[in-house]
Peer 1: 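This structure is in structure tokens; I'll ask about it shortly.
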Amino acid sequence: MKIGIIGAGFVGRTIATLAINTGHQVMLSNSRGPQTLFSFRSMVGCQAGTVEEAIQFGDVVVIAVPLTAIDRLPAALLAGKQVLDAVNYYPERDGQVDVLDSAQTTTSELLARHLPGALITKAFNAIQMTQLESDGLPAGSPNRRALPLAGDNAQGKQIARELYETFGFDAVDVGTLAEGWRFERGTAYCVRMTKEALLAALEGVQRN
């Protein structure tokens, strides 16, 4: 699979490394330009490009930027693209966002407003990146960790599921994009759980 990644912080770099290590092709990008990724490109073996080049390159595009940067994403170029949303809301970093604080919407639905033509699946947001690197196990292993995903299109969910499985995790489909609140920060979020335990936790979580 060809994966374009927008955002070269810890999340983007971790996903890029795991994807390369499991046989995928990756182009990493950030807002500062590909020249700032020279060392990482050489170390990991991924390609580096502009945001526009990464979008064009990818069969799927991973969004791994701060919430405050989503309104600067090129919506027209992402129209029709499969997009994996790894964005989280941290008020201490992003400032207060009233529609999120009042549970009127979710982070992924907010992203969808900015990218109305994109096919968005929420994934890779509910695990610390150090644990994404360390916790993967072969399929069928006892106590294999599970990760949640949510979205409105079957193909995007299948892409997220395949990447989870390739990286060593069971996948749990939480439902539509609107159900993504169930694994946002403060809910069933960043806790090591098996598939059975995660399903129970997601079912029991309450929306504030």
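In this chain, residues are counted from 1 in sequence order. Remember, predicted model here, so these are calculated numbers, not experimental data.
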Peer 1: Return the set of residues passing side chain to side chain contact (heavy atoms under 4.5 Å, CB included) with D94 (not counting sequence neighbours), or none when no residue passes.
Peer 2: P66, L67, T68, Y89, Y90

Peer 1: Tell me, do K122 and L177 make a side-chain contact under 4.5 Å, heavy atoms counted?
Peer 2: yes

Peer 1: Side chain to side chain contact (heavy atoms under 4.5 Å, CB included) with A160: which residues, sequence neighbours excluded?
Peer 2: L84, T121, A123, L149

Peer 1: State, yes or no, whether a side-chain contact exists between P148 and M193 at a heavy-atom distance under 4.5 Å.
Peer 2: no

Peer 1: For a quick test of your reading: what N or O donor-acceptor pairs under 3.5 Å do the side chains of residues 73-82 make, sequence neighbours left out?
Peer 2:
| unit_1 | atom_1 | unit_2 | atom_2 | d |
| --- | --- | --- | --- | --- |
| K81 | NZ | I55 | O | 2.8 |
| K81 | NZ | G58 | O | 2.4 |
| Q82 | OE1 | G156 | N | 3.4 |
| Q82 | NE2 | N153 | OD1 | 3.1 |
| Q82 | NE2 | Q155 | OE1 | 3.4 |

Peer 1: Is any side-chain heavy atom of D85 less than 4.5 Å from a side-chain heavy atom of N125?
Peer 2: no

Peer 1: Has R41 got a side-chain atom pairing as donor or acceptor with Q47's backbone, closer than 3.5 angstrom?
Peer 2: no

Peer 1: Among pairs that include at least one residue of residues 162-179, which meet side chain to side chain donor-acceptor pair (under 3.5 Å), considering only residues two or more places apart or in two chains?
Peer 2: R144-E165, R144-D170, K157-D173, Q158-E162, E179-R182

Peer 1: Any heavy-atom pair between the side chains of F183 and L147 that's under 4.5 Å?
Peer 2: no

Peer 1: Any side-chain heavy atom of I120 sitting closer than 4.5 Å to one from I63?
Peer 2: no

Peer 1: Listing request: all side chain to side chain donor-acceptor pair (under 3.5 Å) pairs with a residue in residues 16-34, at least two apart in sequence or in separate chains.
Peer 2: N30-T36

Peer 1: With sequence neighbours excluded, tell me which residues meet side chain to side chain contact (heavy atoms under 4.5 Å, CB included) with I20.
Peer 2: V26, V44, C46

Peer 1: Evaluate F124 against V62 for side chain to side chain contact (heavy atoms under 4.5 Å, CB included), listing each step before the verdict.
Peer 2: CA-CA 9 Å; F124 289 108; V62 177; 5.6 Å; no

